[in-house]
Structures are given as C-alpha cells and as structure tokens.
Amino acid sequence: MQRTVPSLPLAPSVKVKLINAGFQVASDLIDMRPLQLCKEAGISQEEAVEVLQMLRDDGQPHQQRAATESLTALDLLHQEQALGSIVTFCSALDDALGGGVPVGKTTEICGAPGVGKTQLCMQLAVDVQIPVCFGGLGGKALYIDTEGSFLVQRVVDMAEAVVQHCTLLAEDTEQRQALEELTVEKILSSLFLVRCHDYVELLAEVYLLPDFLSEHPEVRLVVIDSIAFPFRHDFEDLSQRTRLLNGLAQQLIQLATQHSLAVVLTNQMTTRVSNGQSKLVPALGESWGHAATQRLILHWEGLRRLASLYKSPSQMEATIQYQITLQGFRDAPDEPRPTPASSAVSCPSGNHSKRPRMEDLS
Amino acid sequence: MVILREGICPGINEEFIKALQSEDIKTVEDFVSCNPEELAQKCSLSYKALVAVRRVLLAQYTAFPVSGADLYEELLSATAILSTGNPSLDKLLDSGLYTGEITELTGSPGSGKTQVCFSVAVNISHQLKQTVFYIDTKSGMCANRLLQMLQTKTPNMEEQMEALQKIKVFRVFDVFSLLACLQHLRSNDLQKASIGGGSVKALMVDSVSAVLSSMLGGKQNEGMSLLMQVAGELKMIAKDFNIAVLVTNHVTRDGNGHLKAGLGQSWSHVPRTRVLLQRVEDAETSSLRTATLTKSSRQACHLVEEFDLCHWSEEKRTSISGKRKLEERSKP
C-alpha cells in the first residue's frame, strides 16, 4: 500500500518537516529508527516515535481492512437483512420507514415544539428492548439528554404498555419464557441515561462512546435529544458550529456502522423568510441537512399530527398521521392503514417543502 | 523530490551517498542541478562516475513530452461514455458520463443525488456488465434499493445477483481513510482489475463533502491541502485507468439566499461537469426533480431537464395500484 506522507493522519507541523527532509511515501519512513528519523527530519524524539507507531498500526490488519475492505452489494444485502429495524408501534410509520427505524444508519427527527419528538425517542428506547422472538432486537439503549425533557414516569407508562402488548401476543413456550424476563424494571435497567449540559459535554460524550460501546456490545440504539439545543444558543461563530456538527455527524455514522446500532437525533425548527414568505424549516443550517441518512419531519395540520419522510436512501416519500396516547406513540384512530403508494398520492399537498404552518401564516 | 538511496541506480552505493550528504545533497533534484566538475572536486568522487549516474537519473526521472496527435488517438480509443439509465439526464450530460473525467452532482438534502448514483451503478453493472467501485461516506448505501432497481430491469434472479456482485462498496468516514482507500485502489485493485477479467469503469464517491467540510475553514491550515490531495487522487485514477468518476457534494446558501455548491471555489475547478439537482415546487407527484447543468465543457450551461426519481421503479409502482397506472400513462 503506497501511502504518500501528506495523506497520513499526523500533525501538520510534523508533516511539513518530514516533507522538507525529502520523505515522499510511507515506505521511505517505515524502515527508519526513531533516532535516525529525529536527526534527518529535525523533529523531536516523541514525535518520531509517534510517527513510527502510527505507521506500524496502519500496517496492521484491522486498520488496513477498514480502509481497503470492500463488500460487494450482494454481501451488503445479506447484512442488511440480518440487521433489522426498531419498530415505532405506529404501523403506518413503520411501513413508511420500511419496517421501522433502521439499524446502521442515522435518523434525524425534526419538529416544532410539542409535536412528539421526545415521545417518539422514548418509545424507541423501550421498543429496542423487545425480545428477538417477538420480532424486536433485544438490545439496550443509550439516551443522551441535552434538554432535560426525559421523564422516567412516561417511560414506565410506555414500558407497561409494551409488556402488556407482548403478553397478549405470546403464543409458544419460547415467547412465554422471554416474557417472564421482560418486566418494567428490566426495561428501565437496560436504558442508559446521560445528561449533557452544553455542547462541550456533548462532544466529549460522543468521543467517549466507542469505549462505552465496546464495554456494552448489546446497545442497539443511541438517542441524542436534542442535538440542536446546545448548538443554538450562545454560539457566536456559525462556521465553527457547522464544522463541529459535520465532524460530529461523521463520527456518529461511523459508530452506527461499526457497532451496528441505530442513531436517532432530534432537531428543532426555525423560520426562514424568503420572497416575503416565511417557512418552517429544520434548524442548524443547510449543510446539517446532509448529515443524517434519513430525515423525518413531524408537523401539525390543524389538530392532526403528521410525520413526513423527507429524505431516505431506500424509501419513497410519504406522509402519515400518528397520535400520542397514554401508552405512547401509536397510529391515528380513524385512519385505516394506508399503503405507502396511495399515501403519497392522497396526502394533501403532495409537496413536502411547503409546511402546513405556512398556510396558517400567509 | 526523490531521496537518493542505494540501488535507485547502478553506481550509487553507501559511500557515494555519504559523500554527497556531506555536501548537503540529499535528493535527486539537488544532484542533477549541481555541476559535476565542482562536485567531483569537493567530494573526491570520480568525475566519470558522477556523469554516468547523472545521465541515468535524468533518464529515469524526467518527463517526456507527447504530441497532440498521439494524445488525440489515445483519447479516441480509450474514452467511453456511460449512460446514466435516465434519458433526460443523458441528454443533459451529452449522452452520459465520460471516462477520464470527474462529474459532480450537487443538491439539497433529499434532492436525489444518492438515487442517481445508485441508478448509474445499477445501469453499469447490469447493462454494461462492468465493475463499479462505490465509496460510501454517509452510510447511504442501501443494497435493498439497488435490488429494487435491478428488479425493474430484469426478473431473472441470477442476473440480479450477478449485477449486485459487480458493485463493490467501501465504507470510509473521514478524509484520511478516504485518501488511504483511494491510494490503495490506485496501487493495487485497479491494476489487478485492468489486467484480469471484468474491468472497472466507474468510481463513485458519495459524498466527498461529508468528509472534507469539517476540515476546511477556521484556523485549520490543513484543509485545503487535503482537499487538493483528494482531487489529485481522483483525477489520477480517472486518467490513468480510464474511469468515470462521479462525486456528490452538498449545497450551502450564499449571502442572498441562493443555493451554491459546497467546498468553495477551489473545489469548483476540480470536476469537469457539474449538475445541480432540485426538487420541483408545487408538483403533483413529489418525486419530480430538475437537473441544471452548471458547468460543462461540452454543452451550454444552465440547461435544465426534468426527470422523475420513480423512473427507476416505474414498473414496480404500476403493479401496486391501478390508480398509479393511469397517472403514468397520462404523463407526457
């Protein structure tokens, strides 16, 4: 593997000195001893040791495989079928998402205040723990709360409803056995909660996640509720904010893929004024829109709550109605289950860039 | 800059190198730019040996000019045009993606960049039966969707599986891994592929801005260098192996609120052709998109074509509900 020195992940000042000393490719460096390198390039001894360490790690199978391993699309298909998804208990939304929130991808949920983002996140944190024999993932969840809107009592209500639902469904002995272990206490004890007060704590938590996930390999869901709150108030330098968010998004996608988990992020809405009209759009800017793999926008239409799938690599756009009940996130009462094709045809405006709010304001 | 080492040329051994180093000559450039007579006196090395080594090094390391006619012949025989699978897009791109060039797709979230990449990959692996390399930086690759698209092209399961096997996916999440991946491809896989059976005709990077945008700006001084290195690798791969490179980029808004492609002015010179994808406002079906040609060396700019994302799943749609069929037929 011929890697050029400028492309190595080293500090820029060290790289400049190495290039000035004439080293062009990694193979020039790999046979040198630290003292020799120190003298030839004019870098300090610690830096020389670091450089050689990095080159040796790079040559190891694990690192090399990460950058150069390729899967054929066929292998990927088998992998995807094995990964599964997390149900939301709203069958219309599950159909629109292709089975539920997908594992291995990041999903962003945007919505105005009070529309149900935190409710959906808490529902997912409970649903990920449904045992495998009932069609769930049987995994644990990590909930990173930045707004302080996590309520344990609500999770208890949802957990009781899920246990009841599974009790009604249990048919064979395997399911009944799994049901004995599925109690509200167990659900609560498999839910890890972290409270972050500002963006520095959030960034630190995401940096520490790989170690946490290696210690707890059963974690299948990471929720960050919300990612917008710490970045929106008190941030003077907007371009720095964009950079930090992009870096954060890439780290989260890397975690989702390497540890096979679903990452769910919550975002807020902001108003954009253009051509004399105002529109509600997701916050955190235009480039943040590219960060998540899937985007779900929750909005009001009169008294109805609607969820629109705005961006997805595999599903068609769809808008469905849902409601929040005592048991949690559920289907809307009157609407019969719409198939994805007809919901795209029959939804009111068919155009998802116009938010219903705009009709109220204009 | 190549360092002088033993064995790069007969006649260079350790004492030779040590003698040169005492005169502060470490690289080939330093050596050939020195006067051999002076060097022979200072280093106490034989003049004949110095001149011989100089001649060999010059022969090994200088670049030779090629005549325009030869270049043109090479271009005619080596360039291929790959169809994207959608006739409106092909019209926009002057019949498709050209090998040896970088084409860029840019657009807002949900505008269809990844879908176009999928359709090109499926078209190349199924129609043209060539291998496609797909570098995925955002975990947007969904093999299910590829299978869906293949199912509209052929009902034969074996053909579908064969086509899926020709698409190779690499997952990298930061710029250094991307560079490692590209350099590895250049030195190993592509050589093997061009000698062996199925040749590689396309490389896709989705998206290049996801890994680069966090490195640019602020007090970081390495961002531009990494951007240019990525650009250099992509261009070398496109030219040396006659591959069509397709990259996707994000959009930002400028001061007046207009959409512009991300990564700035420096990146804008890298791709040969740039296409901007946008949603169509007030459309009855939400899957219509417009593609605008923003940079091209072959056609007039600002050509706009409209196309439907459902084009690649049309037959599947018509089989779901009869209502759909009427709508498809009534569309022009």
Side-chain angles (χ1 to χ4, degrees), chain A residues 1-4 6-9 12 21-24 28 58 66-74 76-77 79-80 98 104-106 239-240 242-244 246-247 249-251 253-254 256-257 274 286-287 289-291 293 295 310-311 313-314 316-317 339 341-342 344-345 350-354, chain B residues 1-3 26-27 108-110 114 138-147 161 164-165 167-174 176-177 179-181 183-184 187-188 207 209-211 213-214 217-218 221-222 225 229 250-253 257 262 279 281-287 317 320-321 323-324:
Chain A
M1 191 163 80
Q2 281 286 60
R3 290 204 59 185
T4 57
S7 71
L8 294 173
F23 296 103
Q24 284 295 324
D28 288 342
D58 224 23
T68 61
E69 173 185 72
S70 73
L71 304 165
T72 62
L74 195 59
L76 216 61
L77 188 67
Q79 252 186 26
E80 277 175 24
K105 304 209 188 289
T106 48
S239 58
Q240 190 196 23
T242 315
R243 278 197 301 281
L244 284 176
N246 284 334
Q250 286 302 111
Q251 278 178 311
I253 291 180
Q254 188 169 16
T257 318
S274 62
E286 189 75 37
S287 41
H290 295 87
T293 318
R295 197 176 230 191
Y310 193 77
K311 171 189 172 192
S314 58
M316 261 177 47
E317 293 185 14
T339 59
S342 53
V345 172
N351 171 23
H352 302 288
S353 57
K354 266 201 190 157
Chain B
M1 285 212 298
V2 185
I3 308 183
K26 295 201 190 120
T27 65
S108 308
T114 308
K138 286 167 51 175
S139 172
M141 161 55 78
C142 185
N144 257 312
R145 179 75 180 120
L146 290 178
L147 186 63
M161 297 298 134
L164 279 183
Q165 279 191 317
I167 302 177
K168 307 233 191 297
V169 178
F170 295 83
R171 288 191 283 198
V172 291
F173 301 102
D174 63 274
F176 298 107
S177 319
L179 282 169
C181 184
Q183 283 169 352
H184 180 86
S187 52
N188 299 1
S207 75
S209 56
V211 291
S213 52
S214 55
N221 42 20
E222 225 198 342
S225 146
Q229 284 180 56
H250 69 287
V251 286
T252 50
R253 285 188 187 267
R279 287 168 181 260
E281 303 277 325
D282 303 326
E284 328 91 44
T285 38
S286 53
S287 54
R317 282 284 227 76
I320 286 180
S321 77
K323 205 177 181 186
R324 270 281 102 203

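Lettering follows sequence order; numbering is per chain, from 1. Just so we're clear, the structure is a prediction, and the values are computed from it rather than from any experiment.
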Please name the pair of heavy atoms, one in [X] and one in [Y], separated by the smallest distance, quoted to 0.1 Å.
{"X": "B:F173", "Y": "A:T257", "value": "CZ-OG1, 3.3 Å"}
{"X": "A:L71", "Y": "B:R171", "value": "CD1-NH2, 3.4 Å"}
{"X": "B:P109", "Y": "A:K311", "value": "CB-CD, 3.9 Å"}

Rounded to the nearest 0.5 Å, what separates atom [atom1] in [X] from atom [atom2] in [Y]?
{"X": "A:I253", "Y": "B:D174", "atom1": "CD1", "atom2": "CG", "value": "12.0 Å"}
{"X": "B:S177", "Y": "A:Q254", "atom1": "OG", "atom2": "CD", "value": "6.5 Å"}
{"X": "B:L164", "Y": "A:L76", "atom1": "CG", "atom2": "CG", "value": "9.5 Å"}

Self-check item: Under 4.5 Å from a heavy atom of chain A, the part of B:I167 involved
Solution: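 Contact with chain A involves both backbone and side-chain atoms of B:I167.
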Quiz item: Which atoms of B:Q165 come close to chain A, meaning under 4.5 Å heavy atom to heavy atom: side chain ones, backbone ones, both, or neither?
Solution: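 Both backbone and side chain.
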Exercise. Pick out which of B:S213, B:S214, B:S209 makes a side-chain hydrogen bond (donor to acceptor under 3.5 Å, both in side chains) with A:N246.
Key: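 It is B:S213; the other options fail the test.
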Quiz item: Any side-chain donor paired with an acceptor under 3.5 Å for A:S314 and B:N144?
Solution: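 No - no donor-acceptor pair under 3.5 Å links their side chains.
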Quiz item: Top residue by heavy-atom pair count (under 4.5 Å) with chain A, among B:V251, B:L146, B:L179, B:V211?
Solution: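 Greatest number of close heavy-atom pairs with chain A: B:V251.
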Quiz item: Picking from B:K138, B:M161, B:M141, which has the most non-hydrogen pairs under 4.5 angstrom with chain A?
Solution: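 With the most close heavy-atom pairs to chain A, the winner is B:K138.
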Quiz prompt | Test item: A:S7 and B:Q183 side chains (from C-beta on) under 4.5 Å apart, heavy atoms | solution =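 A:S7 vs B:Q183: side chains touch.
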Quiz item: Is there side-chain contact between A:E80 and B:C142, with at least one heavy-atom pair below 4.5 Å?
Solution: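 Side-chain contact under 4.5 Å: yes.
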Quiz prompt | Flag, side chain of B:S139 to backbone of A:G104, donor-acceptor distance under 3.5 Å | solution =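 Side chain of B:S139 to backbone of A:G104: a pair is present.
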Quiz prompt | Selection from A:P12, A:A291, A:G98, A:G247 maximising heavy-atom pairs under 4.5 Å formed with chain B | solution =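 Most pairs with chain B among the choices: A:P12.
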Quiz prompt | Option in A:R243, A:K105, A:R295 with maximal non-hydrogen atom pairs under 4.5 Å from chain B | solution =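 Answer, by heavy-atom pair count under 4.5 Å with chain B: A:R243.
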Self-check item: Residue A:Q79 versus chain B: region with a heavy atom under 4.5 Å
Solution: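 For A:Q79, the contact with chain B is made by the side chain alone.
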